[in-house]
Amino acid sequence: EADIYQTPRYLVIGTGKKITLECSQTMGHDKMYWYQQDPGMELHLIHYSYGVNSTEKGDLSSESTVSRIRTEHFPLTLESARPSHTSQYLCASRGWDTNQPQHFGDGTRLSIL
Amino acid sequence: GQNIDQPTEMTATEGAIVQINCTYQTSGFNGLFWYQQHAGEAPTFLSYNVLDGLEEKGRFSSFLSRSKGYSYLLLKELQMKDSASYLCAVRAGTGGFKTIFGAGTRLFVKA
């Protein structure tokens, strides 16, 4: 069973607030990812990391930022939330070998009022 | 460019067999994954193919033809709980790092 945790599970917050979504994994995985997914729609990669001090932007333009100071921790920050940020955010990690699948957290469902 | 195609929706009957197809065009190929995603939940890993042929795992099997850029997921003895989206994902690129997800096929299993 994968050990990857996201908090909070649900967040409803007003426009303009700074938000940090937490993601932690206990598997020692170097590779971590953030995806955005609207209900019934496809996954969009917004950020990824190869390892500590490595972060890259994904395919979907995002106003969020990420950091990777520790292997197990990959937080996502929105400096000023807007209603267009309302979505589900999924964090994932995987091992180094190419045959390793991604393990997903339960997600954070974010609603910006 | 990189592209993965799957049917948007499929409907099948409980107890039947259903085949979900996936075609892909990517730069480099380092394996193909199938994930299951129930509504409102995270994707969970089902299967992995990197060589041509069929991989069987209980009621689920996955097939790959690299020369045709084609895979399918076969679900046997369908159960109501199999109603979910099924995502085809290709690990592409020379470093095998980037995973490209298809939009998913929403499967409805009816009684």
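Convention: sequence-line order gives letters A, B, ...; per-chain numbering from 1. From a predicted model like this one, the values you see are computed outputs, not experimental measurements.
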So do Thr77(A) and Lys18(A) actually touch side chain to side chain, heavy atoms under 4.5 Å?
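Yes, side chains in contact.
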
In the structure I gave you, are the side-chain heavy atoms of Val18(B) and Met10(B) within less than 4.5 Å of one another anywhere?
yes

Parallel, tilted or perpendicular: ring planes of Tyr24(B) versus Phe29(B), cut at 30 and 60 degrees:
parallel

Using a 6.0 Å distance limit plus a 45 degree cone around the ring axis, check whether Arg109(A) lies over the aromatic ring of Tyr10(A).
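No - Arg109(A) does not lie over the ring of Tyr10(A) by the 6.0 Å and 45° rule.
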
Within residues 35-46 of chain A, which residues come under 4.5 Å of chain B, heavy atom to heavy atom?
Tyr35(A), Gln37(A), Gly40(A), Glu42(A), Leu43(A)

Can you tell me how far the CG atom of Leu73(B) sits from the CD atom of Gln36(B), to the nearest 0.5 Å?
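Answer rounded to 0.5 Å: 9.0 Å.
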
Contacting moiety of Leu87(B), where chain A heavy atoms sit under 4.5 Å:
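For Leu87(B), the contact with chain A is made by the side chain alone.
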
Please determine which of Glu72(A), Gln100(A), His103(A) meets the side-chain contact (heavy atoms from CB on, under 4.5 Å) test together with His29(A).
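Exactly one option meets the side-chain contact (heavy atoms from CB on, under 4.5 Å) with His29(A), and it is His103(A).
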
Kindly say whether Leu46(B) contributes a backbone atom to a donor-acceptor pair with the side chain of Lys57(B) at under 3.5 angstrom?
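Flag set: sc Lys57(B) to bb Leu46(B) pair under 3.5 Å.
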
At a 4.5 Å cut-off on heavy atoms, which part of Asp97(A) comes close to chain B: side chain, backbone, both, or neither?
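Only the backbone of Asp97(A) comes within 4.5 Å of chain B.
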
